[in-house]
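Here's the structure we're looking at; comments come further down.
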Amino acid sequence: MKALLVGGGGREHALAWKIAQSPLLSGLVVAPGNPGIARHGRCVPVRATAVDDLVALAAAERVDLVVVGPEAPLALGLGDRLRAAGLAVFGPGAAAARLESSKAFAKDLMARHGIPTARFRVFDAPAPARAFCRELGAPLVVKADGLAAGKGAIVCRSLEEADRAVALCLDERAFGEAGLRVVVEEFLVGEEASFFALSDGAAVLPLQAAQDHKTVCDDDQGPNTGGMGAYSPAPVMDEATTERVMAEIVRPTIAAMAKEGAPYSGLLFVGLMITRDGPRVIEFNCRFGDPECQAILPRLDQDLLPLLDAVARGRGLPASVRWRAASSVCVVMVSGGYPGTYETGRPIAGLDAAGALPEAEGVQVFHAGTALRDGLLVSAGGRVLGVQALGRDIREAVTRAYAAVGRIGFAGAHFRTDIGRRALARQESP
Ligand code: AMP
Ligand code: GLY
């Protein structure tokens, strides 16, 4: 089977690494990829949002399957265009991708189908939005409706902050088109988890849960980022909670999408708050999480490619998959200054010529923002590397991941030192 993988970040490196292990694979093309991904497939310089060029590339390369990593091309309809050209695609079409690309759509769908989520209303004018903020009371959350690169959710501790958030979206247009509609919602209290499931539009296959670390500094301080690290499994998602999430959220969502004429095929990422009253949806995403994917895939104890292919062809799914009885941690190394302004082009020390860490058992270095300049590996983005390790338990995985991080360096590198802290606390004082 020949596959095209779309994307070039840490998530796509983990996907390429896992897909490349498949005995069914005859060739892997990646657009645009990165120097780490180049170890596993042939990278071609086509951007992940260049829909026309990607359709042409898939045809020219005569691939059997296209796997789409990021949300932006899915929201732009890449899945629909490829399917119209007769290709098998892993990733939803634009109508189903609205679960991520429109928070108002997702919230309304949940309301129509009784799927548990924070109380909310949708607004396109400031005055009624401000009035609803007063009805809810602080704290509350104001969210831009559309895609905003993870920055569109504003947690407001006071009504003054809420008014500012509403003005930022609706008056100052800080998120452009994406913020011209806002969701105002109740603040949920609990522990967050990211849960992943596969669906072919009808059948559902639960994968695993992970926990992300969104803020840039230790102890959940500082501004939000794309994700500074993740671990899996997530102790908060015990068997009973997982069963509730499947029964109350995942299966009803897949059924609702089918019933409403936009069957959901691909990876469903459910951002959850595990509250005292049970699991509640914070958001849906229509693709694997980054860096959750880098933590989860090394735990998968079987071939990923046939699963992606079965989803893409609507061929039905197995009831379960095999997971290693190991814990996994991924620590993200970022450029100093991220998520604000930062410098790139800094040489990365510690990795071998192929961008891997020599002699580090159970460790994978997934590239996100890296580039090759004159044969030298340099930083080329905010999130630069994801250093992932497996261990018998979370303690061993954390120790291994940080030992590996300590061997890698570039000027201005920053990483959180407390990835896995919550799971460690639970493991050590259950
Ligand atoms: P989102 O972009 O919707 O995933 O939101 C980003 C982050 O904001 C989440 O990971 C949560 O930490 C926080 N958040 C969003 N919605 C809520 C909510 N209703 N209650 C509490 N925290 C929230
Ligand atoms: N790590 C969160 C996300 O991928 O959206």
Side-chain angles (χ1 to χ4, degrees), residues 9-11 13-18 20-21 36-37 39-40 193-194 207-213 216-219 225 227-237 288-302 304 322-334 348-370 377 379 383-410 413-430:
R11 165 184 47 216
H13 189 176
L15 285 165
W17 168 81
K18 188 69 188 172
Q21 294 169 36
I37 293 174
R39 291 208 296 275
H40 313 292
S194 306
L207 296 180
Q208 284 280 322
Q211 272 179 311
D212 190 7
H213 299 64
V216 72
C217 298
D218 284 12
D219 292 324
T225 68
M228 293 294 292
Y231 58 88
S232 176
V236 68
M237 288 289 287
F288 281 100
D290 187 340
E292 291 95 325
C293 182
Q294 295 91 306
I296 287 179
L297 286 188
R299 293 186 53 226
L300 180 62
D301 198 15
Q302 64 178 66
L304 176 65
R322 282 194 318 278
W323 298 95
R324 278 184 234 283
S327 292
S328 175
V329 171
C330 176
V331 177
V332 179
M333 301 181 76
V334 305
I348 300 172
L351 301 179
D352 66 18
L357 192 65
E359 290 157 41
E361 203 197 310
V363 171
Q364 294 298 324
V365 178
F366 293 119
H367 290 218
T370 67
L377 189 70
S379 62
R383 292 194 290 178
V384 178
L385 297 168
V387 181
Q388 179 275 339
L390 286 175
R392 275 164 304 186
D393 55 19
I394 192 83
R395 165 69 63 200
E396 187 176 66
V398 165
T399 304
R400 280 187 174 162
Y402 279 110
V405 166
R407 296 173 53 193
I408 305 168
F410 52 93
H414 166 72
F415 54 86
R416 278 180 64 155
T417 66
D418 64 347
I419 303 302
R421 174 175 55 99
R422 268 209 192 86
L424 279 174
R426 275 183 190 254
Q427 181 178 301
E428 271 140 36
S429 56

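Shown here for A295 and P298, the closest heavy-atom pair between the two residues is O-CD, 3.6 Å. Residues D212 and S194 approach most closely at CB-OG, 4.5 Å, considering heavy atoms. Shortest non-hydrogen contact noted between A210 and S232 is CB-CB, 4.0 Å. Scanning all heavy atoms of the two residues, the minimum distance from Y231 to A423 falls at CE1-CB, 3.3 Å. The nearest pair of heavy atoms linking M237 to A193 is CG-CB, 3.9 Å. Here the closest non-hydrogen pair linking D219 and R416 is N-NH2, 3.7 Å.
Considering only heavy atoms from C-beta on, M333 stays 4.5 Å or farther from I348 through its side chain. Side-chain atoms of R426 and V236, non-hydrogen and from C-beta on, do get closer than 4.5 Å to each other. Residues Q208 and P233 meet the side-chain proximity criterion, which asks for heavy atoms closer than 4.5 Å. Contact annotation: the side chain of L300 never approaches that of L207 to less than 4.5 Å [non-hydrogen atoms, C-beta and beyond]. When side chains are defined from C-beta on, R407 counts as touching P358, because their heavy atoms get closer than 4.5 Å. Residues I419 and V398 fail the side-chain proximity criterion, which asks for heavy atoms closer than 4.5 Å. Within the 4.5 Å cutoff, the side chain of R395 has heavy atoms near those of the L424 side chain. For the pair Q364/K18, no side-chain contact is recorded, criterion being any heavy-atom separation below 4.5 Å from C-beta on.
Residues S328 and Q388 bring a donor and an acceptor atom of their side chains to less than 3.5 Å of each other. Side-chain contact, Q211 with R422: no donor N or O sits under 3.5 Å from an acceptor N or O.
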> Between R299 and L390, does a side-chain contact (heavy atoms from CB on, under 4.5 Å) hold up when you go through it step by step?
Replying inline: CA-CA 8 Å; R299 293 186 53 226; L390 286 175; 3.9 Å; yes
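Among F366, F288, W17, the one residue that satisfies the side chain to side chain contact (heavy atoms under 4.5 Å, CB included) test with Q294 is F366.
Under the 3.5 Å distance criterion, the side-chain polar atoms of R39 are matched with a main-chain donor or acceptor of A354. Between the side chain of R11 and the main chain of C293, no donor-acceptor pair closer than 3.5 Å is present. R383 contributes no side-chain N or O that, together with a main-chain N or O of V332, makes up a donor-acceptor pair within less than 3.5 Å. Checking side-chain atoms of D218 against main-chain N and O of T417 turns up a donor-acceptor pair under 3.5 Å.
Applying the salt bridge (Lys or Arg N to Asp or Glu O under 4.0 Å) definition to pairs two or more places apart or across chains, none involves residues 354-367.
Residue R324 qualifies as enclosed at atom CZ: its count of foreign heavy atoms under 6.0 Å is above 12.
Ring geometry for H40 versus H13: interplanar angle of 30 to 60°, hence tilted.
Taken to the nearest 0.5 Å, the CG atom of L377 stands 10.0 Å off from the CD1 atom of I408. With values rounded to the nearest 0.5 angstrom, D418 atom CG is found 9.5 Å from M228 atom CE. Between atom CG of residue L304 and atom CD of residue Q302 there is a gap of 8.5 Å, rounded to the nearest 0.5 Å. Taking CD1 of I394 as the start and CZ of R421 as the end, the distance is 12.5 Å to the nearest 0.5 Å. To the nearest 0.5 angstrom, D290 atom CG is 8.0 Å from C330 atom SG.
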